[in-house]
Amino acid sequence: MAVSQQQASSRDRRTGFVLGVALWLFTLATLWLFGANLHKMPPPASDFAPQIDAILWVILGISVIGFVGLHLYLGWVALSRPAEVRAIYLPADRPKEWLWVLVPIGLLLVADLTFDHMSNKVWGAFFGKPPANAFEVEVTGQQFAWHVRYPGADGRFGRTNPRLISDENPIGLDLSDPAARDDILLINVMHVPEGRPVMIYLRSRDVLHSFFLPPMRIKMDCVPGYTTRMWFTPQRKGNYEIACAELCGMGHYNMKGLLVVEDEQAVQNWLAQQTPFSKRGQ
Amino acid sequence: MSAVHEATIVHGDVHQEPVINRPHPPTRVYLVVWGWLFVLSFGAYLVELISEATTLALPIKWSLLTVIGLMKAGLIVAYFMHMRFERLSLIYAILLPTLLVIALVAGLMPDAVSLISFWGHP
Amino acid sequence: MQTQTQPMQESVWAGGRSPFGIRWGKLMMWVFLLSDAFTFGGFLVIYGSVRVITPDWPDPSRVFALHLFGKEIPLLLIAFMTFVLISSSGTMALAVHAGYEGDRSRCARFLMLTILGGLTFLGCQAYEWTKLITEGVRPWGNPWGAPQFGAFFFTLTGFHGLHVLSGVIYLSAITRRVLKGVYARRGSYEGVEIAGLYWHFVDLVWVFIFTFFYLF
Amino acid sequence: MAVHAEHLAHAHSESWIRKYVFSTDHKVIATQYIFTAYFMALLGGLLAALIRYQLGWGDQASPLLERLFPFGAQGGVIKPEFYLAIITIHGTILVFHFQTMMLTGGFGNYLIPLQIGARDMAFPVLNMLSYWVFLASCVVMLLSFLVEGGAAAAGWTVYPPLSVHAAAVAGSGLGQTIWLLSMALLIVATLMGGLNYIVTTLNLRTKGMSLMRLPLSTWGVFFASVIGLVTFPVLLAGAILLLLDRHLGTSFYMPTVYIGGQLVETRGGNPLLWQHLFWYLGHPEVYILAIPALGFIGDIIATFSRKPIFGYRLIIISFVVMTILSCIVWGHHMFTSGLNPYIAMVFSLLTILISVPFGTIILCYAATLWKGKIQFTTPMLFAIGFLSLVVTGGLGGLFLGTASTDLYLHDTAFVVGHFHVIMASSVLFAIFAATYYWFPKIFGRFMSESLGKWHFWLTFIGVYATFVPMHVMGLGGMMRRIYSPHAYQYLQQWVPWERVISIFGLILIGAQLLFVVNFFWSLFKGRRATDPNPWRANTLEWQTSSPPPHLNWGEEQPVVYRGPYEFSRPDTAEDYLPQNTPPVGVEVSGNGVR
């Protein structure tokens with residue numbers, strides 16, 4: 001190389017210094033970025049939300065340890081001056097020295113299994129046996145709106161058939177089914193009671209959508225041909241936005257609904273005011 | 001040797017690998033395997049005919065057919081494709097990755113099942 | 001000074017030779033077949049996962065039955081096609097064998113028989129396609145039940161048929177080289193062996209299509 | 001075993017076209033790959049700039065945009081369908097046409113024969129074909145912007161039914177067909193390349209190059225090719241079925257739907273099938289990128305720390321485990337898609353377990369740095385940047401691999417931030433490191449160190465400032481792939497963030513101009529690499545001239561006596577010991593064989 005050994009090594013020291021400082025600054029900046037802004041998460045509003053958040057915090061804690069640990073080390077490597085003329089020689093592959101790697105990795109494995117176990121509990125509850133006394137709603141996604149259906153007074157959803165879908169009958173409700181007569185069909189608005197499990201059946205009439213409730217920390221895809229479902233117990237009254245999280249076309253960014261969590265009584269009163277779909281336009 | 005060399009250069013082969021002549025079975029072995037393939041295929045056809053005539057339980061029929069199919073595949077790979085006469089390393093290198101197909105089955109089938117039992121098929 | 005270097009290993013993996021004892025051409029064909037197996041595997045697994053949830057799947061043994069001597073014999077044509085393809089696999093094995101022994105004319109004769117088998121198979125397939133299309137089978141539907149039946153029929157047999165067709169072309173090229181004495185001059189019929197691997201693989205795939213699509 | 005002199009001479013008498021355009025020399029093909037892939041990267045970067053512009057200032061009309069894209073930005077505002085086409089093509093070409101092809105087709109192609117001491121790939125003609133098919137794939141993909149309806153707009157994952165019906169989104173017309181054809185071509189190109197890389201690595205190693213003496217770069221490309229070989233064909237099968245669904249009216253993926261005011265009677269299809277098939281490749285794809293990237297970084301870190309790599313065997317074992325695990329975890333992209341919940345738990349556990357081999361490799365590299373005589377050259381800076389990014393991104397993966405937290409974070413900006421750190425940025429850093437490192441070998445000239453360092457600093461800052469805030473936004477519930485963050489009330493607080501991210505993102509993209517300038521300037525005017533081994537490395541590619549001659553070595557192929565990372569041995573005069581230096585006491589006979 002054209003530059004002398006000495007020049008090169010002093011240049012290396014300078015670059016190393018800058019790199020070390022930069023790595024430590026990045027670490028601080030990242031920690032600050034997360035620390036100062038986590039409160040901007042939508043406040044938890046369902047029974048699942050605190051549980052999922054707890055897992056988030058556990059993983060975040062592990063991540064901070066790993067992230068800070070490695071960056072402290074990398075920064076130290078960059079900042080420390082190599083004193084010797086030569087690097088120390090560690091002949092490749094002495095399994096005893098592998099312990100330096102394998103012990104931290106073992107700890108990581110333990111941590112992995114811990115939060116996987118936590119996660120499985122929540123997952124099991126979410127997909128397990130649905131609660132018996134649930135308040136049932138059905139949501140059908142279309143480009144770009146949510147059709148919300150309540151079973152009406154009889155508590156049963158009427159049959160639907162995709163072949164009956166038209167502009168007048170947006171979810172293909174089969175009115176020959178008696179259970180369908182009192183079904184209430186609304187668009188982009190959904191009222192659910194606080195403190196009672198809410199079971200939402202999810203369907204789609206065209207493409208994939210994903211029913212996303214940020215404050216409840218859950219989402220589930222609406223798959224045409226399937227009926228997927230999700231349930232949660234709202235824990236805080238208020239108006240929340242329903243978002244679509246799966247790319248569903250041009251208007252995806254604007255496929256918004258309103259979720260109102262209120263008293264059971266208020267929900268019933270509100271439902272009583274709605275006209276069933278079969279009587280609409282009469 | 002010079003003929004070999006000429007040929008390699010004509011075909012743009014710059015690699016100097018010697019041609020390796022490995023042991024190969026006598027013609028009789030191929031004929032026997034061939035015969036077995038016919039027998040097995042006929043067996044599979046027979047299973048089909050029997051299941052037409054009688055009411056053979058589907059799982060039994062399916063497992064019989066699968067076993068026969070795998071036996072045929074094994075014979076083809078082992079003898080016709082000479083796998084039996086290759087080094088163990090090649091056998092592992094080719095056959096082990098095919099196990100990933102099992103992962104594909106294990107990933108897709110539960111979904112098909114959940115379509116009928118969990119989510120409800122329209 | 002450098003006294004601690006390891007002695008050169010003499011394992012087959014030590015470089016300078018093929019660890020599998022086969023030249024690159026043959027290894028490449030093996031690896032290609034492995035990946036092709038995944039394409040077919042993909043198709044068959046998708047077929048399987050659709051098949052288990054589709055209640056009204058037509059009974060293939062009825063669909064592919066032939067009327068002969070006033071009786072309906074299930075899957076006769078398919079059985080014949082299987083027979084032809086296995087036979088061609090056998091002749092291919094014999095061609096490779098002849099190659100090992102350096103018997104040029106016998107090798108060429110068996111190769112031609114193999115090609116003949118392949119062409120017969122393709123002919124049968126063309127007949128089968130025509131028959132089913134005249135009976136109203138389309139990729140989007142058929143008279144007997146689940147629309148996916150036709151879709152998978154055309155996809156699976158079509159993709160396999162495409163492999164048979166390319167195999168026939170490939171084998172023709174190889175036969176030409178055998179006849180011209182290219183391999184004899186080279187002192188090795190490895191080219192025939194490699195083509196043989198491909199042809200046997202096509203047969204292998206048919207075993208699975210025969211089992212899972214026609215017989216199940 | 002010498003190559004005929006005739007053959008060596010024959011190669012040099014070829015016409016210019018045969019030598020530089022339709023060449024079968026792996027070095028020329030690799031160079032063609034590198035140029036094409038960088039060109040695609042440039043286009044992908046420009047599309048990224050448009051995305052960032054839209055997210056930052058999408059509400060303001062810009063006359064310039066209208067002039068640039070009269071079809072997609074009437075009135076100076078990007079239309080939603082054009083935006084979707086941009087994100088789709090941005091993702092596709094950067095993942096497949098740039099990164100995959102750069103790592104395997106470009107550097108893999110160049111390095112494998114040189115590092116194993118071979119004269120060329122096993123099947124040079126196939127290698128050449130692979131490039132031309134890849135080029136066709138690139139051209140076809142770019143043409144899709146010109147057809148009616150525009151390019152594919154269903155996201156790079158092209159989930160049906162969105163990607164099946166032209167009525168569902170504008171890009172699902174001819175553009176989507178072209179996308180699928182381009183992908184099919186790309187898969188064929190990858191398979192042809194992969195066949196060569198695998199067979200060459202296994203069969204054509206020179207004498208003494210046992211598997212445990214292979215440099216990590218070669219190992220990386222080898223494993224990536226293995227993964228590609230067993231997963232790409234499945235996507236090919238899936239893509240064929242999607243094409244049939246689109247054009248032949250089959251219903252593999254399509255249930256009965258009502259799209260665009262029209263009933264589409266397709267019975268019994270299952271949209272989840274496509275997701276399985278896509279992610280069966282799509283997830284291993286990450287490892288097709290990550291494993292070679294880790295391999296290149298391993299070579300670079302060892303060289304510039306002047307130390308043997310720590311735990312070489314441990315790294316290889318981890319590569320193997322990653323290769324296997326990567327193929328059986330695809331379901332974690334589908335946790336919220338209606339996947340069977342039991343199988344989701346298995347997928348979740350397997351996914352999290354990937355952190356074990358991944359962490360092992362990172363720690364081995366970190367341990368390699370310990371008490372090394374580190375030289376902070378540009379490639380080394382990028383390598384350390386890579387380590388930093390890989391850790392940041394990898395830890396983000398824990399959040400997403402855990403099924404229940406993924407319920408919240410799936411399809412949010414967290415995902416975008418995560419894979420842009422782990423896949424886009426860290427792999428990009430590996431590619432840059434490799435470019436700076438091997439440039440003198442490939443072109444016989446050095447790249448400018450000072451420009452390179454500026455490029456590094458701006459890129460490093462840009463990457464952190466662009467993608468780490470996305471994680472925070474994702475925790476705040478910001479969805480991905482949305483055209484504008486303004487529609488939702490709860491996202492209003494993130495609108496200024498989008499703008500700041502956009503500023504840093506544009507700085508990041510702008511900084512790449514430094515690289516382009518450096519690359520082309522150095523190509524013609526850079527300092528000549530007179531020394532074939534300027535970094536004093538041990539691997540074989542540095543033991544031949546720069547650029548290497550046709551067929552790589554003179555009359556004799558090199559013979560290997562030791563592992564690739566014998567740095568700073570106390571018993572040697574120099575602090576490095578090339579793999580082909582014969583040990584004392586070994587007589588080297590005329591043909592290089594002991």
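Side-chain atoms are counted along with the backbone in the values below, which use heavy atoms only and exclude waters and symmetry mates.
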Under 4.5 Å from any heavy atom of chain C, what part of [X] do you find: side chain, backbone, both or neither?
X: D/L202; answer: both
X: D/Y280; answer: side chain
X: D/L211; answer: both
X: D/N196; answer: both
X: D/T206; answer: backbone
X: D/I198; answer: side chain
X: D/L229; answer: both
X: D/L235; answer: neither

If you define the side chain from C-beta out and look only at heavy atoms, does anything of D/L241 sit under 4.5 Å from C/F43?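 Answer yes - side chains close enough.
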Do C/S35 and D/V230 touch side chain to side chain, with heavy atoms closer than 4.5 Å? no
Looking at C/K131, I want to see if its NZ is surrounded by more than 12 non-hydrogen atoms of other residues, nucleotides or ligands under 6.0 Å. yes
Test C/F152 against D/F252 for ring-ring contact (aromatic ring centres under 6.0 Å, His included), laying out the working first. CA-CA 9 Å; C/F152 275 112; D/F252 297 110; 4.8 Å; yes
Could you tell me which portion of C/S49 (side chain, backbone, both or neither) has an atom closer than 4.5 angstrom to a non-hydrogen atom of chain D? side chain
In terms of heavy-atom pairs under 4.5 Å with chain C, the winner among D/G249, D/G117, D/G228, D/G563 is D/G249
Polar side-chain atom of D/N203 near backbone of C/I22 as donor-acceptor pair, under 3.5 Å: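 Such a contact is found between D/N203 side chain and C/I22 backbone.
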Backbone N or O of C/W13 within a donor-acceptor pair of the D/R205 side chain at under 3.5 Å? yes
Closest approach of C/F159 to D/I240 (non-hydrogen atoms, all atoms of both residues):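 Smallest heavy-atom distance, with atoms named: CE1-CD1, 3.8 Å.
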Hey, mind stepping through C/M28 and D/L126 against side chain to side chain contact (heavy atoms under 4.5 Å, CB included) and telling me if it holds? CA-CA 11 Å; C/M28 198 169 262; D/L126 193 71; 4.2 Å; yes
For residues 140-147 of chain C, tabulate all N or O donor-acceptor pairs below 3.5 Å that involve a side-chain atom, not counting sequence neighbours.
residue, atom, partner, partner atom, Å
C/N142, OD1, C/W144, N, 2.9
C/N142, OD1, C/G145, N, 3.0
C/N142, ND2, C/A146, O, 2.9

Neighbours of chain D found in residues 203-211 of chain C - heavy atoms under 4.5 Å: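 Listed by number, there are no contacting residues, so the answer is none.
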Choice from C/V50, C/I46, C/L34 maximising heavy atom contacts with chain D below 4.5 Å: C/I46
